[in-house]
2 protein chains.
Amino acid sequence: MHKDSERFIERMGLQFETDGLPRTAGRIMGLLLLREAPLSLDDISGELGVSKGSSSTNCRLLESGGWAERVSRRGDRRDFYQVAPDMALRSLDAAQTRIKSLLALLDDALESLPAELETGRRRIRAVGDFHRFLVSELQDIMERWARIESAPAESGSDLGEGSHD
Amino acid sequence: MHKDSERFIERMGLQFETDGLPRTAGRIMGLLLLREAPLSLDDISGELGVSKGSSSTNCRLLESGGWAERVSRRGDRRDFYQVAPDMALRSLDAAQTRIKSLLALLDDALESLPAELETGRRRIRAVGDFHRFLVSELQDIMERWARIESAPAESGSDLGEGSHD
DNA sequence: CTGAACGTTCAGTAGAAATTGAACGTTCAG
DNA sequence: CTGAACGTTCAATTTCTACTGAACGTTCAG
């Protein structure tokens, strides 16, 4: 493994960690970004020096977060993982979902909290207003990005689509 | 302490936790949202049943994240905390900063990784393009929100500004 | 049917993060 | 000067999280 590749992979691990995600998930993401073809769990375990159990768990985390994608290969029983081609949209969608969970919490609070807590209720409403605004802005962003991605792309910018045999 | 208030506070704690932040920080945020006037560290420790050390650490975390604000009171040596009036803008700014740190990582990688890793370099460039797009969109969002906030506000939506003696 | 190759899960464990409680430095009233 | 009231910090401890390695169920070739 190349020295600079390792450095990149480790930095991805740290970046994920500061975002509150497992370091190994970040490392896997770094590895997937660098490698030409999709990787099996054993590939990942081997290259990163982590157990297969951990690779499995973290790949599934990456998949559920919209960062990676599980693919299969004809005549092969193994799972392979690669960077999700629609990573951008999927991660924005995940962000939206998290915000909506906060909104649900705030709405519940407004339903249950007594009217006497005027100030509190007003603040909670304000936080809700802002996050509703955010959700709608995120929607716009997703649409704008989809437009950009499907555009002619003069200076190259695709994430996946390298066809593998 | 009201039953529904407690419930709200605990849910805020859990919400923060799923975002990778200390549960206590979320609880403090919930408490600050509900309370009429700014709270001292002893107020917070008392109401939440946590040590003063923890209150201090978490309040400073909330302050650095743009969620809460430290204020003082004439003739009082204590620090008081309240929800930051510009919470929305400050948290967007924090999000931007995190994305920029990822961008720096990606740019470094492009500088150091050898040209042979065509595919990897292309993917990294693509992730960078998307996140540069995001940073610029966040900027727009901040400006739009600032516009909305300063507007007439027919149905009420301010976060702070309750003047305390 | 047998055994190898998979991915998943789980108990045990190592490691990290959060919390406590006490110590400390500072400020200030008396 | 003295002592009380602060906020901060840090070592010890508790609590959580992530990882490992093994066990398990499944699929499939022979």
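Residue numbering restarts at 1 for every chain, and letters A, B, ... go by the order of the sequence lines. As the structure is a computational prediction, the values presented were derived from the model and not from experiment. Atom set for the values below is all heavy atoms of this structure, side chains included, hydrogens, waters and symmetry mates excluded.
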Query raised in the report: Is it the case that one hydrophobic cluster holds both B:Leu14 and A:Leu106, taking links as side-chain heavy atoms less than 4.5 Å apart, direct or via other members?
Result: no

Go through [range] and report each residue with a non-hydrogen atom lying under 4.0 Å from DNA chain D, sorted by number.
range: residues 9-20 of chain B; result: none
range: residues 39-51 of chain A; result: A:Gly49, A:Val50, A:Ser51
range: residues 54-72 of chain A; result: A:Ser54, A:Asn58

Query raised in the report: In Å and rounded to the nearest 0.5 Å, what is the NE2 to CZ distance from B:His2 to B:Arg7?
Result: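 Output value for this atom pair is 13.0 Å.
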
Query raised in the report: Out of curiosity, A:Leu117 CG to A:Ile124 CD1, how far, rounded to the nearest 0.5 Å?
Result: 8.0 Å

Query raised in the report: Quick one: B:Arg23 CZ to D:dT15 P, roughly how many Å, whole number?
Result: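 Atom CZ in B:Arg23 sits about 12 Å away from atom P in D:dT15.
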
Query raised in the report: Partners of A:Phe133 by ring-ring contact (aromatic ring centres under 6.0 Å, His included), sequence neighbours excluded?
Result: B:Trp145

Contact list (N/O, under 3.5 angstrom) for nucleotides 23-30 of chain D vs protein:
from, atom 1, to, atom 2, distance (Å)
D:dT27, O2, A:Arg77, NH1, 3.4

Requested in this report: Treating a pair as Watson-Crick (purine N1 to pyrimidine N3 plus N6-O4 or O6-N4) or G-U wobble (N1-O2 and O6-N3) with both distances under 3.5 Å, list the stems of 3 or more consecutive pairs that involve DNA chain D.
Outcome: C:1-30 with D:1-30

Query - B:Lys52 backbone acceptor or donor facing B:Ser56 side chain under 3.5 Å - result: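 No.
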
Query raised in the report: Quick one: does B:Thr97's side chain have a donor or acceptor within less than 3.5 Å of a partner on B:Asp93's backbone?
Result: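 Checking the backbone N and O of B:Asp93 against the side chain of B:Thr97, a donor-acceptor pair under 3.5 Å is found.
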
Report task. Nearest-nucleotide wise, let me know which of A:Pro22 and B:Arg78 is further upstream toward the 5' end of DNA chain D. Result -> B:Arg78

Query raised in the report: Which pairs pass side-chain hydrogen bond (donor to acceptor under 3.5 Å, both in side chains) with one or both residues in residues 41-51 of chain A, sequence neighbours excluded?
Result: A:Arg35-A:Glu47, A:Ser40-A:Asp43, A:Ser45-A:Ser55

**Report entry** All pairs passing side-chain hydrogen bond (donor to acceptor under 3.5 Å, both in side chains) where residues 110-119 of chain B contributes a residue, at least two apart
**Finding:** A:Glu36-B:Thr119

Query - Result of checking B:Glu17, B:Glu10, B:Glu6 against B:Arg27 for salt bridge (charged side-chain N to carboxylate O under 4.0 Å, His left out) - result: B:Glu10

Who are the side chain to side chain donor-acceptor pair (under 3.5 Å) partners of [X], not counting sequence neighbours?
X: B:Arg78; value: B:Asp76
X: B:Arg90; value: none
X: A:Ser54; value: A:Asn58
X: A:Asp108; value: B:Arg11

Report task. Verify whether the ring centers belonging to A:Trp67 and A:Phe16 lie closer than 6.0 Å. Result ->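 They qualify: ring centres under 6.0 Å apart.
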
